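Labels below follow one simple rule: chain letters A, B, ... track the order of the sequence lines, proteins then strands, and each chain is numbered from 1. All values below come from the heavy atoms of this structure, side chains included, with hydrogens, waters and symmetry mates left out. Bear in mind the structure is a predicted one, so any value in this text is a computation, not a measurement.
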Protein chains: 2
Amino acid sequence: MSITYREVKADLLRQITQGELAPGSSMPNEVDLAASYGCARATVNRAMRELADDGIIERRRKAGTRVRLNPIRQVRLNIPIVGQEIEELGAAYRYALVHGQAEPAPNWLRARMALKRDDRVLHLTCMHYADGAPYQHEDRWINLDALPEAEQHDFSDIGPNEWLVSTVPFTEAQISFHAVQADATIADYLDCTEGDALFQAERMTWLEGQTITFVQLTYRRGHRLTMQY
Amino acid sequence: MSITYREVKADLLRQITQGELAPGSSMPNEVDLAASYGCARATVNRAMRELADDGIIERRRKAGTRVRLNPIRQVRLNIPIVGQEIEELGAAYRYALVHGQAEPAPNWLRARMALKRDDRVLHLTCMHYADGAPYQHEDRWINLDALPEAEQHDFSDIGPNEWLVSTVPFTEAQISFHAVQADATIADYLDCTEGDALFQAERMTWLEGQTITFVQLTYRRGHRLTMQY
DNA sequence: TTACGCCTTATGTCTATATCTTTTGAGAAA
DNA sequence: TTTCTCAAAAGATATAGACATAAGGCGTAA
């Protein structure tokens, strides 16, 4: 077969990184590139589309394609289920339900999850262990108005995250990462000192506009979220 | 025109999210789908390729395409330059160089950056302010063996990050996020209390296998990294 | 000078067809 | 029964040609 779109992409990227195509400069159009590579325009198109997708180049109809002055640095972050995360570390995963209770939503949560006045929530507290040591503390609230079957479900064996993923798999979500100081309770659960700086993720999940769940995931001391790009 | 790949993608996604195509079930092959949508196979291919890219479906040659049991949750994280980050918040950006000195690499850094015995580094300490308030503390080391021109450069007006991006734009990098406790120095810079939990990013950057720079970015108290998916 | 509108151009997308590659599963051989 | 080999299936990708769409820029009118 003739030249592949991967080869075209690699060659263009080489020209860019080696300075043959300077940042800010405009590139030849697809027709000319196709001619010079001796391939079809669609092949060049796919190569350039992916480079644009990677944030290396910028494309505009009629204006043409140019090398970005400041390439967009982006990473793809996979959000794993904690059990998988731990098993990928090569550690044994254990889950424990600490506490589970249906209750009226407290005011701060009502506001945060945009719940109605009388909505009830299922409040779950769980722990996730890697090789017996505390790994993550999970504090979760599930909107019982949106997901009444959660109240009947027994969360002592499988975690709420896994249950939710299999029950309402295709949801919208917002995730945020930040640092928190361990309070006495969390310090106890995660076997660290009160006041320790801990990495925490918060996630809110919606299905068709309705808030399904809000969760705070607090990681053991020293946890890092690492990515390549 | 006939049906677009976006419409095919949207329709397939609708079928998946509404349960017409259950998680784990296999989808019709490209030829059949193209026939049923009344479009070319390439159109269906692009739609399905993007769905696979989004982690919704799983494709394997000969085995066919199936809806993922556990859809991969992934987000794209843009790594902005701090100045842009602050200006996008609608705040005024100010940069200050606190300290800059060329020195032999300390042992811990030599190990971390994989430097040779006698390599020297440029150690820069900078502050980034949003509307006059401390936003981010930057502690950076630049490998002078790889980038000798850094020693001659004056970093009092533009930050090292911006200079590096314009000098060696296309690099490989690893970034990691975690939580740290503020020590006395950082607390002073970021106007917080010693012991406060702070969000920190560490980034190591390579160009063609050679370590260029290592940086620790410590954010003001309460900083959050937020993403939608 | 300024504003509007058309023309041209580069990218975006679709079609129809063909070939390549990977992988599964069936059948043959041990 | 187990292992090996091979053909078929399905996705991956290439091609040539066509039309769609956005937008830069020029010409004309106000």
Side-chain angles (χ1 to χ4, degrees), chain A residues 1-16 20-69 71-72 76, chain B residues 1-16 20-72 74 76:
Chain A
M1 178 161 312
S2 137
I3 199 169
T4 70
Y5 83 91
R6 288 168 190 279
E7 290 170 314
V8 173
K9 183 181 176 184
D11 186 66
L12 290 173
L13 193 56
R14 183 193 56 73
Q15 289 188 47
I16 291 169
E20 289 172 44
L21 286 167
S25 69
S26 71
M27 303 171 72
N29 69 37
E30 294 187 349
V31 175
D32 294 349
L33 278 174
S36 78
Y37 283 115
C39 66
R41 185 165 80 93
T43 305
V44 171
N45 179 275
R46 179 150 182 202
M48 293 180 95
R49 182 152 41 81
E50 289 197 1
L51 285 173
D53 215 45
D54 293 344
I56 308 290
I57 63 179
E58 216 172 359
R59 320 195 74 193
R60 263 165 44 231
R61 279 170 169 159
K62 160 76 183 174
T65 302
R66 51 185 55 227
V67 182
R68 289 193 94 101
L69 273 174
I72 294 181
R76 271 185 156 191
Chain B
M1 174 161 314
S2 131
I3 199 170
T4 71
Y5 83 92
R6 287 167 190 279
E7 290 170 314
V8 173
K9 183 181 176 185
D11 187 66
L12 290 173
L13 192 57
R14 183 193 56 75
Q15 288 188 46
I16 292 168
E20 289 172 44
L21 286 168
S25 69
S26 72
M27 303 171 72
N29 69 35
E30 293 187 350
V31 175
D32 294 349
L33 277 174
S36 78
Y37 282 114
C39 67
R41 188 163 84 92
T43 305
V44 171
N45 179 274
R46 179 151 182 203
M48 292 180 96
R49 182 153 40 81
E50 290 198 0
L51 285 172
D53 215 46
D54 294 344
I56 308 290
I57 63 177
E58 217 174 352
R59 318 197 74 191
R60 261 163 49 230
R61 282 168 168 154
K62 160 78 180 172
T65 302
R66 51 185 54 226
V67 182
R68 289 194 95 99
L69 272 174
N70 300 129
I72 295 183
Q74 51 188 359
R76 271 187 158 190

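- B:T65 has no side-chain polar atom (N or O) that falls below the 4.0 Å cut-off from OP1 or OP2 of D:dA10.
- Closest to the side chain of B:K62, from the set C:dA10, C:dT24, C:dC14, is C:dT24.
- The interatomic distance linking B:R66 (CZ) with D:dA10 (P) rounds to 13 Å, in whole Å.
- The neighbour count for A:R76 CZ, taken as heavy atoms of other residues, nucleotides or ligands under 6.0 Å away, is above 12.
- A sub-4.0 Å separation between OP1 or OP2 of D:dT13 and a side-chain N or O of A:T43 is absent.
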Got a list of side-chain donor-acceptor pairs under 3.5 Å for residues 7-16 of chain A, not counting sequence neighbours?
from, atom 1, to, atom 2, distance (Å)
A:E7, OE1, A:T4, N, 2.8
A:E7, OE1, A:T4, OG1, 3.4
A:K9, NZ, A:E50, OE1, 3.1
A:K9, NZ, A:D54, OD2, 3.2
A:D11, OD1, A:R14, NE, 3.3
A:D11, OD1, A:R14, NH2, 2.9
A:D11, OD2, A:Q15, NE2, 3.0
A:D11, OD2, A:Y37, OH, 2.5
A:R14, NH1, A:Q18, OE1, 3.4
A:R14, NH1, A:E20, OE2, 2.9

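- Taking the nucleotide of DNA chain D with the nearest heavy atom to each of A:Y5 and A:A63, the more 5' of the two is matched to A:Y5.
- Partners of A:L69 by side chain to side chain contact (heavy atoms under 4.5 Å, CB included), not counting sequence neighbours, listed by chain and number: A:P23.
- Between A:T65 atom OG1 and A:L33 atom CG the span is 8.5 Å, to the nearest 0.5 Å.
- Atom-to-atom distance recorded for B:R66:CZ and B:I57:CD1 is 12.0 Å, nearest 0.5 angstrom.
- Taken residue by residue, residues 23-34 of chain A places no heavy atom nearer than 4.0 Å to DNA chain D.
- Contact annotation: A:N45 reaches the phosphate of C:dG12 (side-chain N/O to OP1 or OP2, under 4.0 Å).
- Remark: B:R60 is not in phosphate contact with D:dA10, judged by side-chain N or O atoms under 4.0 Å from OP1 or OP2.
- The stretch residues 47-55 of chain B has no heavy atom under 4.0 Å from DNA chain D, so no residue of it qualifies as close.
- We find the CG-CE distance between A:D32 and A:M27 to be 12.0 Å, quoted to the nearest 0.5 Å.
- Helix-axis bend for the helix from C:dT1-D:dA30 to C:dA30-D:dT1: the local axis fitted to the five terminal pairs at one end deviates from that at the other end by 20°, rounded to 10°.
- Both B:A42 and A:R41 lie close to DNA chain D; mapped to their nearest nucleotides by heavy-atom distance, the more 5′-ward contact belongs to B:A42.
- Every residue two or more places apart in sequence or in another chain that forms a side chain to side chain contact (heavy atoms under 4.5 Å, CB included) with A:E30 is listed here: A:R41, A:V44, A:N45, A:M48, A:R59.
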